[in-house]
Number of protein chains: 2
Amino acid sequence: MLADFTSHDIEHAQRLAASRQRWRPGSVLMPAGAVGAHLLVSGWACSQRILGDGRRQIFDVILPGEGYGWDAPGGAVARPTVVALTSVETVEAGGLASVTEGGEPDGLRRALQAIQREEDVRRLEHIVRLGRLTAPERVAHFILEMRQRLGAGGAHNFPLPLTQEVIADLLGLSVVHLNRVLRQFRTEGVVELRRGVAFLQDERALAMTAVLAPRPAERPAFR
Amino acid sequence: MLADFTSHDIEHAQRLAASRQRWRPGSVLMPAGAVGAHLLVSGWACSQRILGDGRRQIFDVILPGEGYGWDAPGGAVARPTVVALTSVETVEAGGLASVTEGGEPDGLRRALQAIQREEDVRRLEHIVRLGRLTAPERVAHFILEMRQRLGAGGAHNFPLPLTQEVIADLLGLSVVHLNRVLRQFRTEGVVELRRGVAFLQDERALAMTAVLAPRPAERPAFR
DNA sequence: CGGTTATTTGAAATACGTCAATTCAAGTGG
DNA sequence: CCACTTGAATTGACGTATTTCAAATAACCG
């Protein structure tokens with residue numbers, strides 16, 4: 001679905017180059033509620049919320065090449081704070097905003113819809129993960145999700161430049177506990193995170209504990 | 001925003017009456033992934049997922065008068081299973097599906113967008129609740145959210161016909177623990193749930209523990 | 001009523017968080 | 001290349017929140 005762009009789309013893309021901007025880790029790329037379509041040219045970011053007492057919950061990771069701050073085609077969307085996790089480069093993509101309001105669904109528009117839905121699905125998974133998975137299950141699930149999102153297919157290692165604090169804030173765990181889960185996985189030869197790279201050693205075991213296939217014929221709920 | 005419907009919208013509404021349907025609690029109103037706009041004429045429902053081993057996570061409650069199964073204006077949306085929590089009556093609202101694709105944003109279309117965004121915001125709150133709030137905080141937060149959604153404004157009691165099991169599955173807690181939190185609130189004279197009604201006694205205390213104002217100037221995250 | 005489902009409670013296990021240090025890795029300036 | 005600094009990862013000891021198991025009441029429904 002990302003294939004069939006029109007020449008009109010191409011123009012949009014070309015306008016992007018103008019506004020490249022560099023940020024250091026921790027920078028607020030976009031405050032909560034702000035509008036403005038952007039692309040993450042390089043580096044990793046996340047959307048998050050921070051509570052009054054400092055507790056942080058990360059909603060989603062934003063990968064290099066992905067966008068943020070744009071409206072879903074046809075309507076505004078909840079817009080949490082976006083923060084850089086590594087050094088990042090961004091470009092404005094103001095064109096996107098208008099595209100989403102256009103008439104005929106063209107290539108770009110459909111692509112944006114698809115992305116929006118993926119984000120949506122991921123958010124539901126996130127809710128299940130936080131609400132009903134144990135710490136090891138959350139970690140396993142997250143690692144596999146990351147691999148898939150990175151398009152690392154069956155690859156056994158892939159970049160994951162996130163500190164344990166970030167992963168903990170994503171998974172609703174304390175850093176210390178996350179660290180212990182990771183050590184467990186490491187000593188069991190399941191998976192290892194080292195210097196920003198994930199080394200997947202026992203994929204089957206990981207998938208097992210990830211409680212994958214989270215959509216197995218819903219039960220009738222009561223009786 | 002719900003005010004300015006066109007006569008065109010009214011027609012849509014009139015077509016609804018045709019397909020009224022009655023369901024008992026526990027019925028699957030709509031299996032995961034299914035499409036088809038519906039309205040909950042009466043009764044309460046929820047969207048949920050159930051894991052292979054029976055663990056359940058509820059994503060959201062659907063109140064009487066609210067809709068489900070429709071596409072957000074302009075694009076498809078993740079579609080979890082919808083289940084009746086009480087006896088419910090539903091009507092098909094097939095018209096909505098087409099409205100969302102229409103050209104000019106009319107009253108109904110804008111209303112749907114607004115609803116969609118509210119759902120969106122609520123889902124983010126839900127993530128924070130599950131990831132970073134303690135059990136008492138989750139419960140307090142949930143009760144206040146319900147009051148607001150019910151339009152019960154400053155009312156001190158309002159209907160909440162949910163079993164503790166449902167609330168537990170919503171908040172990612174065990175029934176037993178939820179029950180204990182509720183007892184705590186009850187004996188402290190904060191709030192009481194009895195026979196499907198919530199009796200709010202110390203609103204201030206509840207709001208306090210709900211960690212309300214969850215959006216207080218985001219910190220720079222790293223230094 | 002009688003049967004069923006929901007709520008409530010106690011006791012015990014466990015998962016997870018907090019506190020406080022220590023180690024390790026990476027970068028910087030000499 | 002070596003201190004030196006800084007942030008991240010790691011570990012131990014301990015406290016607490018939450019779950020699990022099992023059973024007793026209490027509310028609901030035909």
Side-chain angles (χ1 to χ4, degrees), chain A residues 24-26 44 51 53-57 84-87 129-140 160-188 191-199 209 211 220-223, chain B residues 24-26 44 51 53-57 84-87 129-140 159-187 191-199 209 211 220-223:
Chain A
R24 45 182 53 230
W44 292 49
L51 303 188
D53 58 3
R55 282 177 282 184
R56 169 168 72 159
Q57 178 63 52
L85 293 175
T86 67
S87 298
R129 197 158 55 186
L130 292 170
R132 283 308 185 205
L133 297 199
T134 68
E137 290 169 343
R138 292 184 207 183
V139 174
L160 198 63
L162 305 176
T163 68
Q164 294 187 4
E165 188 186 353
V166 167
I167 301 179
D169 283 345
L170 188 63
L171 299 182
L173 301 170
S174 70
V175 199
V176 175
H177 194 58
L178 171 68
N179 182 284
R180 288 188 169 121
V181 171
L182 288 176
R183 168 161 56 79
Q184 185 67 12
F185 279 166
R186 191 189 324 132
T187 63
E188 285 175 343
V191 64
E192 181 166 3
L193 307 190
R194 196 156 29 88
R195 259 166 273 155
V197 180
F199 299 90
T209 82
V211 191
F222 309 110
R223 174 153 21 169
Chain B
R24 44 182 54 231
W44 293 48
L51 304 187
D53 57 5
R55 281 177 284 185
R56 169 168 73 159
Q57 179 63 50
L85 294 175
T86 67
S87 296
R129 195 157 59 186
L130 293 170
R132 282 308 185 207
L133 297 200
T134 68
E137 289 169 344
R138 292 183 207 184
V139 175
L160 199 64
L162 304 175
T163 69
Q164 294 188 6
E165 186 186 353
V166 166
I167 301 179
D169 283 344
L170 188 62
L171 299 181
L173 300 170
S174 69
V175 199
V176 174
H177 193 56
L178 172 67
N179 182 283
R180 287 185 172 124
V181 172
L182 288 177
R183 167 161 57 80
Q184 184 67 11
F185 279 166
R186 190 188 325 131
T187 64
V191 65
E192 179 167 4
L193 307 191
R194 196 156 30 87
R195 260 167 269 152
V197 180
F199 298 91
T209 82
V211 192
F222 309 111
R223 172 113 47 133

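Letters go in sequence order (proteins before strands), and every chain restarts at 1.
Distance CZ (R183(B)) to C1' (dT9(C)): 7 Å, rounded to an integer number of Å. As rounded to whole Å, 12 Å separates atom P of dT18(D) from atom CD of Q184(B). Atom CG of L173(A) is separated from atom P of dT18(D) by 14 Å (rounded to the nearest Å). dT14(C) atom C1' lies 10 Å from atom NE2 of H177(A), rounded to whole Å. Rounded to a whole Å, the CD atom of Q164(B) is 12 Å from the P atom of dC28(D). Distance, R194(A) CZ to dA25(C) P: 10 Å, rounded to whole Å. Between the CZ atom of R180(B) and the P atom of dA12(C) there is a distance of 13 Å, given to the nearest Å.
No contact: L182(B) has no heavy atom under 4.0 Å from any strand.
Axis angle, first five pairs versus last five pairs of the helix from dC1(C)-dG30(D) to dG30(C)-dC1(D): 50°, rounded to 10°.
Listed candidates were dT11(D), dA8(D), dA25(C). Nearest to the side chain of R195(A) is dA25(C).
A close approach under 4.0 Å does not occur between any side-chain nitrogen or oxygen of N179(A) and OP1 or OP2 of dA9(D).
Mapping R132(A) and L162(A) onto DNA chain D via the closest heavy atom, the residue that lands nearer the 5' end is L162(A).
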